[in-house]
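As the structure is a computational prediction, the values presented were derived from the model and not from experiment. Labels below follow one simple rule: chain letters A, B, ... track the order of the sequence lines, proteins then strands, and each chain is numbered from 1.
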Protein chains: 2
Amino acid sequence: MRSTAEARRVTVLNAAVSVFARAGFHATPVTAVAAAAGISEAYVFRLFSGKLGLFVAAAGACFDRIADAIEAGAERAGGDSPEEILDAMGGAYAELIADRDLLLFQVQAQAVTDIPEVAEAVRAGYRRVATFVQSRARASDAQVQQFFAYGQLCHLIVTAGLEQVPEPWARALTAGIRHP
Amino acid sequence: MRSTAEARRVTVLNAAVSVFARAGFHATPVTAVAAAAGISEAYVFRLFSGKLGLFVAAAGACFDRIADAIEAGAERAGGDSPEEILDAMGGAYAELIADRDLLLFQVQAQAVTDIPEVAEAVRAGYRRVATFVQSRARASDAQVQQFFAYGQLCHLIVTAGLEQVPEPWARALTAGIRHP
DNA sequence: CATGTTTGTAAGTGTGCACTCACAAACAAG
DNA sequence: CTTGTTTGTGAGTGCACACTTACAAACATG
């Protein structure tokens, strides 16, 4: 016994978020996740109930990390007005998704919401993040909505590579968005 | 000869947008598109250069329809202030994506932007739509950015099925969004 | 009618991948 | 040391699917 199963699961989930983020659920073979985690494909299937179970668990891990980052960001807010706290949360989120894995995984998860288990995992993730944002920042519905709207805009900017496009329309879409 | 190849291509592209929208590029067999279009799989491969060529062509058709709808919506605007024109465009877009196919196809396309040809097609689509919105509405960069941010929010609302969720956080995210 | 072109398909072919199983080594407990 | 449990893998199995090929029927042109 080199390691406990629970520790392996954590390793595998980190690898899974990274690997699924690039090509998505259907285009990513479990072999790729196993290789990234440094174990055999067969053992991944013992640790998780099939490829779908692995993906759903990875989604949970992804939203956990996002929620933790936003929570930590709120602690570092300059003041306690909704605007200041939302700004601090946005900054923490921007920092977190600098490596792109968490952002791209969210996009991939949204793309396979025709699988009910995935849709439920996405809802659970946003439930956790949105309720925290609203209650912690004491923000209005409209402010929360705006917070997530511009978060979703980041998804487009990154997937389409708009920060590399010098044309005016792309500059308009990326203006003021923190370093993605 | 029942039909010309060009007419068939149009039929196939409409079917492709619909079918790819549900399960995405990698999870959709070309057989499914062929069946939806009412022709054989082999003929689809003669009409398009492989599955990727079909998907990229479908992306072009998708953004064509979106651009046309927004253009037509702008014509029906109540006044000629940026706000009124943007509002009319938003309404036309909301109407167009009521059937979900065009919205879900965009999500699927964004999910496979690791394929360079798809990324370029997505950029081309948004280039066309964004430049039109900006020039036709004479809107500021910030207004254009907001327009697309809330458009992207619609993607989340629909894929996660948030309009079915009665909890407060979901109501905040969906508030005021026109009937998706 | 003969010849050529375009539309259309049935029947493969090869490969990649989800998932399984039989088996082995490390550790624990008595 | 023996017996049992957990960690771990190599070697399959079967199926789905992208793409091809050989062939046929519809139409055009002389």
Side-chain angles (χ1 to χ4, degrees), chain A residues 1-59 105 108-109 111-112 114-118 121, chain B residues 1-59 105 108-109 111-112 114-118 121:
Chain A
M1 286 175 208
R2 279 287 146 92
S3 180
T4 77
E6 210 44 53
R8 282 293 191 197
R9 262 185 266 263
V10 173
T11 307
V12 172
L13 285 182
N14 285 335
V17 170
S18 258
V19 176
F20 279 129
R22 331 255 179 208
F25 178 70
H26 293 290
T28 304
V30 176
T31 312
V33 177
I39 64 173
S40 72
E41 187 196 8
Y43 195 38
V44 174
F45 277 101
R46 181 170 294 179
L47 290 173
F48 296 90
S49 63
K51 189 184 182 181
L52 178 58
L54 171 61
F55 188 85
V56 169
F105 188 94
Q108 299 299 348
V112 284
D114 61 314
I115 305 170
E117 292 92 328
V118 175
Chain B
M1 285 177 210
R2 278 287 146 94
S3 178
T4 77
E6 210 46 52
R8 281 294 191 197
R9 261 185 268 263
V10 173
T11 308
V12 172
L13 285 182
N14 284 336
V17 169
S18 259
V19 176
F20 278 129
R22 329 255 180 206
F25 179 71
H26 293 291
T28 305
V30 176
T31 313
V33 177
I39 63 174
S40 71
E41 186 195 9
Y43 195 38
V44 174
F45 278 102
R46 183 171 293 178
L47 291 174
F48 296 91
S49 63
K51 189 184 181 180
L52 179 57
L54 171 63
F55 188 84
V56 169
F105 188 94
Q108 299 298 349
V112 284
D114 61 315
I115 304 170
E117 291 93 328
V118 175

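- Looking at every heavy atom in both residues, B/Val118 comes nearest to B/Val112 through CB-O, 3.5 Å.
- One atom, CG of B/Leu54, and another, C1' of D/dC17, lie 15 Å apart when rounded to the nearest Å.
- Rounded to an integer number of Å, the gap from A/Arg9 CZ to D/dT6 P is 12 Å.
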Taking distance alone, no hydrogens or angles, what donor-acceptor pairs closer than 3.5 Å link side-chain atoms of residues 8-33 of chain A to residues at least two apart or in another chain?
residue : atom : partner  : partner atom : Å
A/Arg9  : NE   : A/Glu6   : OE1          : 3.2
A/Arg9  : NH1  : A/Leu47  : O            : 2.7
A/Thr11 : OG1  : A/Ala7   : O            : 3.2
A/Ser18 : OG   : A/Asp101 : OD2          : 2.5
A/Arg22 : NE   : A/Ser18  : O            : 3.4
A/Thr28 : OG1  : A/Gly24  : O            : 2.5

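- A/Glu117 CD to A/Phe55 CZ: the interatomic distance, rounded to the nearest 0.5 Å, is 12.0 Å.
- A/Glu6 has its CD atom 17 Å from the C1' atom of D/dT5, to the nearest Å.
- Rounded to whole Å, the distance from CD1 on A/Ile39 to P on C/dA26 is 18 Å.
- Rounded to whole Å, atom C1' of C/dT9 lies 13 Å from atom CG of B/Leu47.
- Taking atom CZ of residue A/Arg8 and atom P of nucleotide C/dC27, one finds them 13 Å apart after rounding to whole Å.
- In this structure, B/Ile115 atom CD1 and D/dA18 atom C1' are separated by 14 Å, rounded to whole Å.
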Completion exercise
Expected string for nucleotides 18-23 of chain C under the B/S/- scheme (protein heavy atoms, under 4.0 Å, primed atoms plus P, OP1, OP2 as sugar-phosphate) is BBBBB-
